[in-house]
Amino acid sequence: MAKVSAAGTKRTTKKVAKRNPLAPERVAAILDVLAKTYPGVVCALTHRNAWELTVATILSAQCTDVRVNIVTPALFKRFPTPKAMAAASLPEIEELIRTTGFFRNKAKSIKGAAQAVVEEFGGEVPRTMEEILRLPGVARKTGNVVLGSWYGIAVGVVVDTHVLRISRRLDLTQADEPKKVEQDLMRIIPRDHWIQFSHEVIHHGRQICIARKPRCIDCPVETLCYSADKTWSRD
Ligand code: SF4
């Protein structure tokens, strides 16, 4: 009888996983490793309430969280509430958020969102996806961030650039459109992991599975990953 080495067993397991990358046990193993590697990670955008998180997430489009966190203290000092922001002049908002890029559009979105929060929702950021999507500048990603991170309501999975890239590298989806990626993830990840999964993957994307040159040698899910752009493999 042919001997099966430990390495051979690992390769066989990997082949099985490759045949069915969405096997529940493989998905569960990935979730388990991520949770153990990044325990208790939270959203990196500084905020004190749902409104501040909404604004910070709007500002984070095409901009780093670090840059957003530099800008928001002065913005919220000058306009501390949705009511104050709704009454602000666009040029003044623009000046305060200029360094985040696309500042004219972002200023319009923030002021518009503030007006909607005040006029339609009694000054409170709404708690349903349907309602939050009525705020100017708020799409599903921002909705998921605010509902998940602040209100603890899991209605979807945040799909930013890191979640999209890593979900594809781990073969959790073949899609490249965020909405479709989110649907795929919602199908295979248990609902009680939706919020934390995004936080963990975003951290993983910043520290290890970086876009241009992933640090696979340091990656805790390397044995479960068979991405074509891996830079190192145990096999
Ligand atoms: S093994 Fe490499 S490509 Fe795969 S998840 Fe880890 S860092 Fe990313």
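What you are looking at is a predicted structure, and each value in this text was computed from that prediction instead of being measured.
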| said: Looking at Arg191 and Ala154, would you say the former's side chain and the latter's main chain have a donor-acceptor pair under 3.5 Å? | reply: yes
| message | Contact between Leu172 and Leu185 at the side-chain level, heavy atoms closer than 4.5 Å - yes or no? | response | yes
| said: Check whether Lys230 reaches the backbone of Cys225 with its side chain - one donor and one acceptor, N or O, closer than 3.5 Å. | reply: yes
| message | For the CH2 atom of Trp150 and the SG atom of Cys43, what is their distance to the nearest 0.5 Å? | response | 11.0 Å
| message | Between Ile93 and Phe103, is there a side-chain heavy-atom distance shorter than 4.5 Å? | response | no
| message | I'd like to know if the side chain of His162 pairs up with that of Ser198 as donor and acceptor (distance under 3.5 Å, no hydrogens or angles considered). | response | no
| query | Does some side-chain heavy atom of Ile132 sit less than 4.5 Å from a side-chain heavy atom of Leu135? | reply | yes
| field | Closest contact, heavy atoms only, Tyr226 versus Asp171 | value | CE1-OD2, 3.2 Å
| query | What residue among Thr46, Val145, Leu147, Ile58 forms side-chain contact (heavy atoms from CB on, under 4.5 Å) with Leu53? | reply | Val145
| field | Same apolar cluster: Leu96 and Leu90, side chain cutoff 4.5 Å | value | no
| query | So how far is it from Ile208 CD1 to Cys219 SG, rounded to the nearest 0.5 Å? | reply | 6.5 Å
| request: Could you grab the distance from atom CD of Gln62 to atom OG1 of Thr161, nearest 0.5 Å is fine? | output: 9.0 Å
| Ser167 side, atom OG; Ile188 side, atom CD1 - distance, nearest 0.5 Å | 7.5 Å
| field | Distance-minimising heavy-atom pair for Leu31 and Pro190 | value | CD1-CD, 3.7 Å
| task | Test Leu75 against Met85 for side-chain contact (heavy atoms from CB on, under 4.5 Å), laying out the working first. | result | CA-CA 9 Å; Leu75 179 66; Met85 196 76 83; 3.9 Å; yes
| For the side chain of Lys106 and the backbone of Leu59, is there at least one donor-acceptor N/O pair under 3.5 Å apart? | yes
| query | Does Glu52 reach the main-chain N or O of Arg48 with its side chain, forming a donor-acceptor pair under 3.5 Å? | reply | yes
| request: State whether a side-chain donor-acceptor pair under 3.5 Å links Asp65 with Ser60. | output: no
| field | Co-membership, hydrophobic cluster, residues Ile189 and Met186, 4.5 Å side-chain | value | yes
| request: Verify whether the ring centers belonging to His204 and Tyr38 lie closer than 6.0 Å. | output: yes
| field | Pair Arg169 + Asp229, salt bridge at N-O below 4.0 Å | value | yes
| Does any N or O in the side chain of Lys111 come within less than 3.5 Å of the main-chain N or O of Ala88, such that one atom is a donor and the other an acceptor? | yes
| Taking every non-hydrogen atom, the tightest pair across Thr54 and Ala50 | OG1-O, 2.7 Å
| task | Measure from the side-chain N and O atoms of Arg127 to the backbone N and O of Tyr151, and report whether any donor-acceptor pair falls under 3.5 Å. | result | no
| request: Would you mind telling me which of Val41, Thr37, Val33 makes a side-chain contact (heavy atoms from CB on, under 4.5 Å) with Glu200? | output: Val41
| query | For the side chain of Trp51 and the backbone of Val125, is there at least one donor-acceptor N/O pair under 3.5 Å apart? | reply | no
| task | Look up atom CD in Glu92 and atom CZ in Arg78, then write down how far apart they are to the nearest 0.5 Å. | result | 4.0 Å
| field | Beyond-backbone contact of Asn20 with Leu22, side-chain heavy atoms, under 4.5 angstrom | value | yes
| message | Show the nearest heavy-atom pair for residues Pro82 and Gly123, with the distance to one decimal. | response | CG-O, 3.9 Å
| message | Hydrophobic cluster membership, with links at side-chain heavy-atom distances under 4.5 Å among I/L/V/M/F/W/Y: are Val159 and Phe197 in one? | response | yes
| said: Any heavy-atom pair between the side chains of Leu45 and Thr57 that's under 4.5 Å? | reply: yes
| query | Any link between Val55 and Phe121 through a network of hydrophobic side chains (Ile, Leu, Val, Met, Phe, Trp, Tyr) touching at under 4.5 Å? | reply | yes
| query | Are more than 12 heavy atoms from other residues, nucleotides or ligands located less than 6.0 Å from atom CD of Glu120? | reply | yes
| query | Which heavy atom in His199 sits nearest to a heavy atom in Val42, and how many Å separate them? | reply | ND1-C, 3.9 Å
| request: Flag the pair Lys180 / Gln183 as yes when at least one side-chain heavy-atom distance between them is below 4.5 Å, and no otherwise. | output: yes
| said: Between Glu131 and Arg134 (salt bridge meaning N to carboxylate O under 4.0 Å), is one present in this structure? | reply: no
| said: Is a donor from one side chain sitting under 3.5 angstrom from an acceptor on the other, for Asn144 and Glu182? | reply: yes
| Close side-chain approach of Trp232 to Arg234, heavy-atom, < 4.5 Å | yes
| task | Kindly give the heavy-atom pair with the smallest separation between Arg165 and Gly205, and that separation in Å. | result | NH2-O, 3.4 Å
| Path from Val158 to Val155 over hydrophobic side-chain contacts below 4.5 Å | yes
| field | Thr173: which of Leu164, Val163, Val181 passes side-chain contact (heavy atoms from CB on, under 4.5 Å) | value | Val181
| field | Test item: Arg67 side-chain N/O and Thr100 main-chain N/O as donor-acceptor pair under 3.5 Å | value | no
| task | Could you tell me whether the side chain of Arg215 and the main chain of Gln207 form a donor-acceptor pair under 3.5 Å? | result | yes
| message | For the CG atom of Leu170 and the CG atom of Leu224, what is their distance to the nearest 0.5 Å? | response | 8.0 Å
